[in-house]
Amino acid sequence: DQVNISDAQVMVEFENGNFNFTFPNPKNVDEFSITLLKGREKKEICALHLGKDKVTTRSNVSYCQTQNSSNSTTFILKNLERKHIDIYTYYLEILLPPPYIDCCLKEIYLLVPDKEDCFSLGLMLWIIIGLIIFAISCVCCAVACCLRNKNQKCESSSHEYNSEYMPMAAVNAAKKPRI
């Protein structure tokens, strides 16, 4: 049986605010280690070592957890912030059977949106929309008041009390009593 790592596909999922990096375990291997590294300096974030009898996990940061199944290994990155934006690299070491193999499998650039920015942008958008609607309402009310006042002036000056029944008659308009 040959060790098969050529078809290693890292699957990245964003689920419930967490990033899941899933790597299929190498086939026909008795003992191996998978490590998630961060940045150009390749700082170890978390790792999994699978031996014949036991599974050992370690994490150097609070936001990384490791899960292992018979088919795959998953690194879960939780509560990420803007400062966690970087290149993440999968590093695989095959210890048994010989020969020893180590390889860098995949580099992934992870971009984390800032939660505060999203909230403030959304809030600012609603404030602007509210101000625009308020301004349009004020202009509409002012136009309606002007038209109403103009109509009242036109009605009061053009209303002829004596000509309601005889619109063609030449009768002087009665004057309105003023009090």
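This is a predicted model, so every value here is computed, not measured.
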Visitor: In this structure, would V139 and L131 fall into the same cluster of hydrophobic residues linked by side-chain contacts under 4.5 Å?
Guide: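 They do not share one cluster, since no chain of ILVMFWY contacts under 4.5 Å joins V139 to L131.
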Visitor: If you take all heavy atoms of Y90 and F21, which pair is closest and at what distance?
Guide: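 Scanning both residues, the minimum pair turns out to be OH-O, 2.7 Å.
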Visitor: Does the side chain of H49 reach to within under 4.5 Å of the side chain of L95, using non-hydrogen atoms?
Guide: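 In short, these two side chains touch, coming nearer than 4.5 Å.
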Visitor: Excluding sequence neighbours, so at least two apart, what forms side-chain hydrogen bond (donor to acceptor under 3.5 Å, both in side chains) with S59?
Guide: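 Here no residue qualifies.
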Visitor: Measure across I45 and Y88 and return the closest heavy-atom pair with its distance rounded to 0.1 Å.
Guide: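 Result for this residue pair: CG1-CE2, 4.5 Å.
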Visitor: Taking only residues two or more places apart in sequence or in another chain, which ones pass side-chain hydrogen bond (donor to acceptor under 3.5 Å, both in side chains) with K78?
Guide: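 Expected list: Q65.
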Visitor: Assigning hydrophobic clusters by single linkage (Ile, Leu, Val, Met, Phe, Trp, Tyr; side-chain heavy-atom cutoff under 4.5 Å), is I132 placed with M124?
Guide: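 Yes, same cluster.
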Visitor: E44 and L37: which non-hydrogen atoms are nearest, and at how many Å?
Guide: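 For E44 versus L37, the nearest heavy atoms are CA-CD2, 3.7 Å.
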Visitor: Is there side-chain contact between T56 and K54, with at least one heavy-atom pair below 4.5 Å?
Guide: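 Heavy-atom side-chain distance check passes, below 4.5 Å.
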Visitor: Would a hydrophobic clustering, with Ile, Leu, Val, Met, Phe, Trp and Tyr connected at side-chain separations under 4.5 Å, put F23 with V29?
Guide: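 Same cluster.
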Visitor: To the nearest 0.5 Å, tell me how far T66 OG1 sits from I34 CD1.
Guide: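 So the gap between those two atoms works out to 9.5 Å.
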Visitor: Test L77 against L36 for side-chain contact (heavy atoms from CB on, under 4.5 Å), laying out the working first.
Guide: CA-CA 11 Å; L77 302 180; L36 182 62; 4.1 Å; yes
Visitor: Taking all non-hydrogen atoms of both residues, which atom of N79 and which atom of N18 are closest, and how far apart?
Guide: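 Closest approach of N79 to N18, heavy atoms only: N-OD1, 4.0 Å.
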Visitor: So for atom NZ, which belongs to K42, do other residues, nucleotides or ligands contribute more than 12 heavy atoms lying within a distance under 6.0 Å?
Guide: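 Correct, the count exceeds 12.
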Visitor: In the structure I gave you, are the side-chain heavy atoms of I101 and F32 within less than 4.5 Å of one another anywhere?
Guide: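 Side chain of I101 against side chain of F32, heavy atoms only: no contact under 4.5 Å found.
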Visitor: In terms of hydrophobic clusters joined by side-chain contacts under 4.5 Å, are I85 and I76 together?
Guide: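 Per the 4.5 Å side-chain linkage, I85 and I76 are not co-clustered.
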Visitor: Using the rule that Ile, Leu, Val, Met, Phe, Trp and Tyr join whenever any side-chain heavy atoms are under 4.5 Å apart, tell me whether Y91 and L96 fall into a single cluster.
Guide: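 No, no single cluster joins them.
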